[in-house]
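What's counted below: heavy atoms across the whole structure, side chains too, no hydrogens, waters or symmetry copies. Chain naming here is simple, since letters A, B, ... match the order of the sequence lines and numbering starts at 1 in each.
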Protein chains: 2
Amino acid sequence: MAPGRHDRDSVTTLALDLLDRVGLPDLSMRRLAAELEVQPSALYWHFANKQELLAAVADRILSRIPQPEPGTDVTEVATGIRDALLTYRDGAEVVMSTYALRLGARRAQDALQAVIGDAASADALFEFILGHTTLVQQRMHAQSIGAATDAADDPAADLDAVFRAGIRAFAALSVVQDPRS
Amino acid sequence: MAPGRHDRDSVTTLALDLLDRVGLPDLSMRRLAAELEVQPSALYWHFANKQELLAAVADRILSRIPQPEPGTDVTEVATGIRDALLTYRDGAEVVMSTYALRLGARRAQDALQAVIGDAASADALFEFILGHTTLVQQRMHAQSIGAATDAADDPAADLDAVFRAGIRAFAALSVVQDPRS
DNA sequence: ACCTGAACACCGTTCAAGT
DNA sequence: ACCTGAACACCGTTCAAGT
């Protein structure tokens, strides 16, 4: 239980835990340092900056995506990705915020490309899942704050209908291989 | 040229201009106040908080979406929405960040629903456009910083291929009205 | 190898008071 | 109606120095 001696992995683990407890806006370097019982400057021995820390957190989140077994369909893979993003609070936003910088970690796209022929379509589907899940998690937070949302509607029911509509569009592609339109 | 006397509209206009010049991470209340030659606290007479200011900015961005004329197809409407988001730096991220809170301003979904039958599919397509455009603008910024991106590839060429792949998936829906699958 | 201490240049927001 | 002045409670990051 000595206060000190952390490494990249243990810092990332606590960052992920803190993210889930307080959300992305309150995940600060200073607060993370306090939980590690360490000065804020100590974090910069492990990570060059906050972006790099968030990239490590994003990779952890994406590591929960199941590898598709033979015979899996588009809906199953897409749902697996969405659920991985939903596992931690604000998970989708963290992944989005580091998407451009993350080297490697193409686990999601690879999984989708295994069930969708075209690479561009697989990327497009991943971008839909990211966008959709980000908005779902935002709405979760807005609701917990008690803020007025756009909707005079049921809170979660039709969100899933939107997800299914998106999946249906891309699933059609994998069946109807388009005849050079 | 007196320093004072602003209103909600003029503040929003300068905020949009500042966003385009410095990007979302550097769009702070203090910096905006400085450009208006006013104390930071003055902004809180016009807006309850930063979120509300960003929501007003988001509405301005979305107001550039063209109303679909009869005979417009899905590709045209979707491209119009993307281009509206691309007009200002980090436009897509601003819209996403206030999506859950924005009352009204369903202009984008309405435009899409006019060319896609199903409301859930129209929302899904909008979420794809938002996710995709956010990532495109992020990559623009990463590149201008000179940061290492994921790609050993052409910078913009295949981004558009992903956009077209997404559109194609949803466009197929509007033609092949699915026979109660 | 990993951390402290101190500093720099910032944030969003509140609130009494001014005109 | 619109703004100032001052304060509160925060940020990310750097860097010399310690062990």
Asker: So which atom in A/R89 and which in A/D20 form the shortest heavy-atom distance, rounded to 0.1 Å?
Answerer: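 Scanning both residues, the minimum pair turns out to be N-OD1, 2.8 Å.
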Asker: Are a donor atom and an acceptor atom from the side chains of A/T13 and A/R60 found within less than 3.5 Å of each other?
Answerer: yes
Asker: Which heavy atom in A/I81 sits nearest to a heavy atom in A/A108, and how many Å separate them?
Answerer: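 Distance-wise, the nearest heavy atoms are CD1-O, 3.9 Å.
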Asker: Mind jotting down which residue pairs meet the salt bridge (charged side-chain N to carboxylate O under 4.0 Å, His left out) criterion with at least one end in residues 62-88 of chain A? Sequence neighbours excluded, please.
Answerer: A/R82-A/D160
Asker: Roughly how many Å is it from CZ in A/R5 to C1' in C/dC2, rounded to a whole number?
Answerer: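 Taking CZ of A/R5 and C1' of C/dC2, I get 4 Å after rounding.
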Asker: Using the C1' atom as the point on both nucleotides, what is the distance between C/dC8 and D/dC11, in whole Å?
Answerer: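 After rounding to an integer number of Å, I get 12 Å for this pair.
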Asker: Do B/S10 and B/R5 pair up side chain to side chain, a donor and an acceptor below 3.5 Å, judged on atom types alone?
Answerer: no
Asker: How would you summarise protein contacts on nucleotides 9-15 of chain C per nucleotide, using B for base, S for sugar-phosphate only and - for none, with heavy-atom distances below 4.0 Å?
Answerer: --BBBBB
Asker: Could you report the tightest heavy-atom contact between B/V22 and B/R31, atom names first, then the distance?
Answerer: CG1-NH2, 3.3 Å
Asker: Please report the distance separating the P of D/dA9 from the corresponding atom of C/dC10, rounded so that it comes out in whole Å.
Answerer: 22 Å
Asker: Rounded to the nearest Å, what distance is computed from the CG atom of residue B/L43 to the P atom of nucleotide D/dA1?
Answerer: 19 Å
Asker: Can you tell me, in whole Å, how much space there is between the P of D/dC2 and that of C/dA17?
Answerer: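 Between the two P atoms, the distance is 22 Å.
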Asker: What stems show up for DNA chain D when you take Watson-Crick pairs (N1-N3 plus N6-O4 or O6-N4) and G-U wobbles (N1-O2, O6-N3), both under 3.5 Å, and require three or more consecutive pairs?
Answerer: C:4-8 with D:12-16, C:12-16 with D:4-8
Asker: Just the rounded figure in Å: distance from P of D/dT4 to CD of B/Q39.
Answerer: 5 Å
Asker: Any idea how A/F170 and B/F128 line up, ring-wise: parallel (<30°), tilted (30 to 60°), or perpendicular (>60°)?
Answerer: perpendicular
Asker: Under 4.0 Å: is that the gap between some side-chain N or O of B/H46 and OP1 or OP2 of D/dC3?
Answerer: yes
Asker: Identify which one of A/V77, A/D123, A/L125 satisfies the side-chain contact (heavy atoms from CB on, under 4.5 Å) criterion when paired with A/I116.
Answerer: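 It is A/L125; the other options fail the test.
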Asker: Starting at CH2 of A/W45 and ending at P of C/dC3, how long is that distance when rounded to a whole Å?
Answerer: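 To the nearest whole Å, that distance equals 8 Å.
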Asker: Just how far is it from atom CD of B/Q113 to atom CG of B/D118, taken to the nearest 0.5 Å?
Answerer: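 Going from the CD atom of B/Q113 to the CG atom of B/D118 covers 7.5 Å.
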